[in-house]
Engineer: 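Have a look at this one.
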Amino acid sequence: MAPKLPDSVEGLRAAGNQSFRNGQYAEASALYCRALRLLQVRGSSDPEEESVLYSNRAACHLKDGNCTDCIKDCTSALALVPFSMKPLLRRASAYEALEKYPLAYVDYKTVLQIDNSVASALEGINRMTRALMDSLGPEWRLKLPSIPVVPVSAQKRWNSLPSENKESTKKSKETTKSRVPSAGDVERARVLKEEGNELVKKGNHKKAIEKYNESLLFSNLESTTYSNRALCHLVLNQDKEAVKDCTEALKLDGKNVKALYRRAQAYKSLKVPQHGSAGRC
């Protein structure tokens, strides 16, 4: 005799989660379907619960290689609760598997607006940048769909989640930082840095930051890329970001005089007392 199924949305979702953990993705998907139908029969509006169920079912589709239905479910989840992290990441993975790289790039980029430490999104952006440069050429950015601006409320919602939900992203971010770039990566990083330098000369510091960001995705071992980006942050009155970049630059090259000087400028703007070598530059 088959075990009796739960008769509540919460119970069905919990059972689906357990089946998913056991690798029974078709069974988990069926349980999420039952929960969604029960929500509809109940007729009560619970967008958060409904969004989670669509997102969970999307994860099942993704595991089974059904990328089209994964995208549909993620889109439904995001229509209910915009800028939710998990459906954005799952949809990006599905787009990537279908080689819809511009759409995957947009979703990964949207996630990084919410939290720029999510390693899977950082790695995804890295892969998509390579693929788009290869397929669309140096002007690939001009051929992308528009990237939505994430409201502060969505960022606050993520920041309010329990810390254990973020632990895995923190660990994998550390792994990403330690990746050794290939010779090809180093060359692409150099080219992108030079493009950023040209934009600085033209006074377009915001665009220059984007180029330096891309450069650092390919290789984060170049001290001057950080100190050059710090200059842009200083011009844009983003002093805290300038301090961070100068500190990263000095970790890579303790004799980077420009990084020392720019960090001193940022500290002065932030009214932080100066000590040590930075004050002598």
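Predicted, not measured: the structure shown is a model, and the values here were computed from it.
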Engineer: Does the side chain of Q238 come under 3.5 Å of the side chain of H233 through a donor N or O and an acceptor N or O?
Structural biologist: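 Yes, because at least one side-chain N or O of Q238 sits under 3.5 Å from a partner of the opposite role on H233.
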Engineer: Taking S135 for the side chain and A131 for the main chain, is one N or O donor matched with an acceptor at less than 3.5 Å?
Structural biologist: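 Yes.
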Engineer: Are side-chain heavy atoms of E214 and R141 found at a separation under 4.5 Å?
Structural biologist: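 They are in contact (side-chain heavy atoms under 4.5 Å apart), so the answer is yes.
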Engineer: Suppose we screen for salt bridge (charged side-chain N to carboxylate O under 4.0 Å, His left out). Which residues come up paired with K193, at least two apart in sequence or across chains?
Structural biologist: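 Not a single residue meets the salt bridge (charged side-chain N to carboxylate O under 4.0 Å, His left out) criterion with K193.
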Engineer: Using a 3.5 Å distance criterion without hydrogens, assess whether the side chain of S215 forms a donor-acceptor pair with backbone atoms of K211.
Structural biologist: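 No; zero donor-acceptor contacts below 3.5 Å.
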Engineer: Under the side chain to side chain donor-acceptor pair (under 3.5 Å) test, which residues partner K201, sequence neighbours left out?
Structural biologist: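 In terms of side chain to side chain donor-acceptor pair (under 3.5 Å), with neighbours along the sequence ignored, K201 is linked to E198.
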Engineer: How far apart are the closest heavy atoms of C70 and R90, and which atoms are they?
Structural biologist: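 What the structure gives for the nearest pair is SG-O, 3.8 Å.
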Engineer: Which pair of heavy atoms, one from L221 and one from L252, lies closest together, and at what distance?
Structural biologist: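 L221 and L252 have their closest heavy atoms at C-CD1, 3.8 Å.
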Engineer: Nearest 0.5 angstrom please: L88 CG to Q113 CD, how far?
Structural biologist: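 Reported value, rounded in 0.5 Å steps: 10.0 Å.
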Engineer: If I compare all heavy atoms of C60 with all of S29, which pair ends up nearest, and what's the gap?
Structural biologist: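 Scanning both residues completely, I find the closest heavy atoms to be SG-N, 3.7 Å.
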Engineer: For E96 and Y108, run side-chain hydrogen bond (donor to acceptor under 3.5 Å, both in side chains): C-alpha distance rounded to whole Å, both residues' side-chain angles, the deciding distance at 0.1 Å, then the answer.
Structural biologist: CA-CA 10 Å; E96 184 176 352; Y108 285 132; 2.8 Å; yes
Engineer: Closest approach of G16 and A28, non-hydrogen atoms and distance?
Structural biologist: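 Minimum heavy-atom separation between G16 and A28: O-CB, 3.3 Å.
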Engineer: Honestly curious: do L112 and L78 fall in one hydrophobic cluster under the side-chain, below-4.5 Å linking rule?
Structural biologist: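 Yes; L78 is reachable from L112 via cluster members.
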Engineer: With a 3.5 Å cut-off and no angle check, do the side chains of Y212 and N197 form a donor-acceptor pair?
Structural biologist: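 Their side chains do contain a donor-acceptor pair, which is all the 3.5 Å distance test asks for.
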Engineer: Do S223 side-chain atoms and A249 backbone N/O form a donor-acceptor pair below 3.5 Å?
Structural biologist: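 Yes, S223 side chain to A249 backbone: donor-acceptor pair under 3.5 Å.
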Engineer: As an exercise, state the distance from CZ of R229 to OG1 of T224, rounded to the nearest 0.5 Å.
Structural biologist: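 Nearest 0.5 Å value for the CZ-OG1 distance: 12.0 Å.
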Engineer: Can you list the residues that meet the side chain to side chain donor-acceptor pair (under 3.5 Å) rule with N237, with sequence neighbours excluded?
Structural biologist: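 Partners of N237 under the side chain to side chain donor-acceptor pair (under 3.5 Å) test: none.
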Engineer: Hey, is D239 close enough to K244 for a salt bridge, meaning N to O under 4.0 Å?
Structural biologist: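 No.
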Engineer: Applying ring-ring contact (aromatic ring centres under 6.0 Å, His included) as the test, list every pair that has at least one member in residues 5-36; sequence neighbours left out.
Structural biologist: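 Sorted pair list: F20-Y25.
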Engineer: Are V81 and L39 linked, directly or through other ILVMFWY residues, by side chains that come within less than 4.5 angstrom of each other?
Structural biologist: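 V81 clusters together with L39.
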Engineer: So do the side chains of L144 and L132 get within less than 4.5 Å of each other, counting heavy atoms only?
Structural biologist: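 Yes. Closest side-chain heavy atoms under 4.5 Å.
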Engineer: Any donor and acceptor pair, going by atom type alone, linking the side chain of N256 with main-chain N or O of K258 inside 3.5 Å?
Structural biologist: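 It does hold such a pair.
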Engineer: Between Q18 and R21, does a side-chain hydrogen bond (donor to acceptor under 3.5 Å, both in side chains) hold up when you go through it step by step?
Structural biologist: CA-CA 5 Å; Q18 186 58 53; R21 285 191 289 269; 3.1 Å; yes
Engineer: For E194, give me all partners under salt bridge (charged side-chain N to carboxylate O under 4.0 Å, His left out), at least two apart in sequence or on another chain.
Structural biologist: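 For E194, no residue satisfies salt bridge (charged side-chain N to carboxylate O under 4.0 Å, His left out) once neighbours in sequence are set aside.
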Engineer: Work out which heavy atom in A26 is nearest to a heavy atom in D64; give both atom names and the distance.
Structural biologist: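 Result for this residue pair: N-OD2, 4.1 Å.
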Engineer: Using the side chain to side chain contact (heavy atoms under 4.5 Å, CB included) rule, pick out the option among V111, L217, N213 that qualifies with I125.
Structural biologist: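 Per the side chain to side chain contact (heavy atoms under 4.5 Å, CB included) rule, the option paired with I125 is L217, out of V111, L217, N213.
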Engineer: Going by side chain to side chain donor-acceptor pair (under 3.5 Å), name the residues that satisfy it together with H61, two or more places apart in sequence or in a different chain.
Structural biologist: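 Scan of H61 (side chain to side chain donor-acceptor pair (under 3.5 Å), adjacent residues dropped) gives D73.
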Engineer: Can you tell me which residue among D245, I209, V200 is in a side chain to side chain contact (heavy atoms under 4.5 Å, CB included) with L231?
Structural biologist: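 Answer after filtering D245, I209, V200: V200.
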Engineer: Are K206 and L236 side-chain neighbours, meaning at least one heavy-atom pair lies under 4.5 Å?
Structural biologist: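 Result yes, sub-4.5 Å side-chain heavy-atom pair found.
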Engineer: Which atom pair, heavy atoms only, marks the closest approach of V106 to P145?
Structural biologist: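 Where V106 meets P145 most closely, the heavy atoms are CG2-O, 3.9 Å.
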Engineer: With distance as the sole test, does K143 use its side chain to make a donor-acceptor pair with the main-chain N or O of L136 at under 3.5 Å?
Structural biologist: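 Yes; judged by distance alone, with no hydrogens or angles, the pair exists.
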Engineer: Is the shortest side-chain N to carboxylate O distance from R13 to E10 below 4.0 Å?
Structural biologist: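 Salt bridge between R13 and E10, a charged N being under 4.0 Å from a carboxylate O: no.
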Engineer: Is the Y101-W140 ring centre distance short of 6.0 angstrom?
Structural biologist: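 Aromatic pair excluded; centres sit 6.0 Å or further apart.
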Engineer: Is there a path of hydrophobic side-chain contacts, each under 4.5 Å between heavy atoms, that joins F83 and M85?
Structural biologist: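 Same hydrophobic cluster.
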